[in-house]
Amino acid sequence: MAEYKQPANEQEFKENFKQKKPLMNDTQAHYESSRCLFCYDAPCMNACPADIDIPLFIKQINTGNKEGAAKTIYDSNWMGNACGTICPTGVLCEGACVYNNQDVAPLLIGRLQNYATMSVIESGKQLYSPGEDNGEKVAIIGAGPAGISCACELRTLGYSVDIYEAKSQPSGLTVHGIAPYKISNEEVIAEMNYLQNQLGYNIIYNHTISTKEQLTELESNYSAIFIGVGLGATASLNMTGENLNGVHGAVEFIEELRKNHSDVKIAQKVVVIGGGNTAMDAASGSARLGADEVTLAYRRGKDSMGAYGFEYDLAVSAGVKGLFNASPLEIIGNGSVEGVRFVKTESVNGKLTIIEGSEFTVNCDMVIKATGQAKQGSLLSMIDNLSLDEKTRIIVNADTNQTTNPKYFAGGDAINGGAEVVNGAYDGKLAANGIHQWITQN
Amino acid sequence: MEFTNGSHKTKEMNKKDKIDLSVNFAGIKAPNPFWLASAPPTNSGYQIMKAFDAGWGGAVWKTLGMPTINVSSRYGSTNYRDTRMAGFSNIELISDRPLEDNLREMAEVKRHFPDHAVIASLMVDTRKEWEDIIKQVEDAGADGIELNFGCPHGMCERGMGSAVGQEPEVLKTIVEWVMEAANIPVITKLSPNISHITDPGLAAVQGNTDAISLINTVKSIVGIDLDSYAPYPVVDGKGTNGGYCGPAVKPIALHMLKDLMQHPEIKSTPMSGIGGIETWRDVVEFILLGATSVQVCTAVMHYGFGIVRELEAGLINFMENKGYTTIYDFAGKALPNVTEWKHLNLKSEVKAKINEDKCIGCDLCYIACDDGAHQAIALPTDGGRIPTIIEKNCVGCNLCSLVCPVEDCITMEKFDDGKEHETWHELTESNRIPDTWNDDRAGGKGHYVPEPLEALATKRKDKSGMRN
């Protein structure tokens, strides 16, 4: 029997996908912030990819200066609220909290961060204004965390900013690609609106940049261009049966889940292939949608998974069963998917080896491939002199995020191959300052 | 937890364990030294009966006297982080209930609790009023009288309370009136709002008081409301100074108690200790400085009468561990160790030691020492976080051990051999004190201090490997 029954309506969907990091109330925040030691050269801050002055904002919460706390957060990270909720804090700031060294629970930094940021998002408190118009225009491709952050920072510096976004909503994977129990659509969009209302950048939705002509036009109309295109659709496994009915990409499945909630139809028996963050979200999501059996199949051992431990634990607690050292051979079925044939693997001297004759089949009526996203190689290949590394990641200057084509800057998954929202947010901010430096020096 | 539930049970257990908590305080007998101070918790017979039933040994009735009218609101508090009422302030006056109600209830309490101490706190103006009211509380069965010469708000504007406590001559005169009129023991309660507590203390003794209690509340403003710009508690847009009490004032009370207990003409007078008492440890500390009863108010206003369970259990546990059977066995035992600075041994030397296994790497000790003390703690240069003590710079000030959030992680270790002893007093007597501006004999001479410019060169910021 499954842990969750299929949600019939939005209310039941919300129950099944209850927020893992609910908003703190004033009392919780006061007590929690009271515990902060205000460490010197604080390890939490050093562990934050966005450099947020964490001890300061916690002290500000404790002294009743919520707006000041929010400003401290946004000064370093334009995706402050989203990151408080979806950052893997257990391996970042909270993982670095010195209390861990004494077996005392670390500060709940992510939730304190949300407490501060949500207070200004809800009140609409204006913390920032656009800088004085400097007459320069910058185009941003992609309204994901990197693009939005770059836009915010550029606006404070006085640039006009147009963001070209292929989809109809801002924030990229924050709203499309993360399991709903991590953050709700409303919360993501509220932060996006909060920022846009203050800083006034333009977003042109449903506008894909995909041709050389479009790029040429951007190049002639803008002083600089920021590439924040992220990654593409789920990569192909190049395996028999991939086109059967009932085979889905994990990114597409989660996007569907984020958009259509309880209207998403889930099968009885689901096999999720993969071991990364998205695989966990897809498996967890399937179980919370009421699938009877969800098998998470990963070709290596459990410890080799890219996902965080807490994500796997959450999936298991939702009823997901792990199947490790099982490498998929083909998806079988006749028109519709009927199962996945696997072969057992083992690690021999650190090398993954197939065990001959160990083939077996797991019956299912739905397969979710969470085996990584394809790169945006075709767009990138149209940009002159843009160097990519061997994994199709854009090569940038680490201090300015400028690419090998000086007019182009880049950040986020397009340069790191797929990381956290906070990394994209940091990149966008860094690139904006890189753009400013480049434009003012030319 | 045998000792934690009410006075009857305690009495049985005490007998069994030969611990006797009962006191005879200047002739006022009580089953234990835990008394309620004259304050809101002793406003009615209902409250005092409830307190005695919970285990309190005595109660000083909320001050009876001149008719009053109270304001709304009345209390303010000093909160420290998530700790509420670390300090507490009130602008409430003495009892505003009719005297006859108070006296009737006082008699009723005494009927139910004949062995408990019921003390009437009094505050009136003229000699005639003092004589009248003393007669009335004696008739009601009070075991003693406490003179409220401490209240620093409201009543003092009418020439009573701390207005008396701050004028030793007036205080002495009133004590003399009272002593002539009273047939029951008299406790004079002192105000801390004075330069030398021994001045009113001596006046009370010269007026022949039977005992002294201290401290009353400290004149205070606990805070300003940032919208109305009025002090707390705000009464229709205005405020006034309050009387400050609660845990924050304990150090002031302990010091004043010590001053009285070391004064040759005052020290034989029984002392009832008041000021921030909330735990058994506080009780023991007051007794060690000579108090033989303690009075509690704020802790009860915060937690209710039930906290006496902790006071009693903790006191008994302490006495068992130390082998005492009555509180008189250790009353005043700390007094010989409280001396003047000039008698402290200048040759004694301690230095901090950090236990690496316990250190959690918050580095508060480092920054406290570097910014707030003597630059005697170093951080590793390899990016690690376990600090080390630079022994030659460490003056043994204690600051690092005080800020360290880990129990027993930083300890102060003895460095001298214990053989040398030299005090400022001895140096003065033998004409050896440093007496020029740059005297070689002065303490800081040769002590390591970094060059001023080094302050601008020591920013530690290494963020490596965190970016993907």
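Chain identifiers are assigned alphabetically (A, B, ...) following the order of the sequence lines, protein sequences preceding nucleic acid strands; residue numbering begins at 1 within each chain.
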- Task: Check whether the ring centres of Y40(A) and Y366(B) lie less than 6.0 Å apart, and answer yes or no.
- Result: yes

One option among C362(B), G361(B), P405(B), A368(B) has the most heavy-atom pairs under 4.5 Å with chain A, and it is C362(B)

### Message
Looking at Y244(B), I'd like to know if the NZ or CZ of K219(B) sits under 6.0 Å from its six-membered ring centre while staying within 45 degrees of the ring's axis.
### Response
no

The interface call for V406(B) against chain A, heavy-atom contacts under 4.5 Å, is both

For residues 71-91 of chain B against chain A, heavy atoms under 4.5 Å, the residues are R81(B), D82(B)

NZ/NE/NH1/NH2 to OD/OE distance under 4.0 Å, K66(A) and D26(A) = yes

Subject >> Residues K182(A), E311(A): salt bridge by 4.0 Å N-O rule >> reply: yes

Honestly, the part of C36(A) sitting under 4.5 Å from a heavy atom of chain B is backbone

Find out whether the Lys NZ or Arg CZ of K59(A) is both under 6.0 angstrom from the six-membered ring centre of F38(A) and within 45° of the ring's axis. yes

Review point. Charged N to carboxylate O under 4.0 angstrom, E391(B) versus K351(B)?
Key: no

Quiz prompt | CA sep, side-chain torsions, deciding dist, call: V249(B), I215(B), side chain to side chain contact (heavy atoms under 4.5 Å, CB included) | solution = CA-CA 9 Å; V249(B) 308; I215(B) 57 173; 4.3 Å; yes

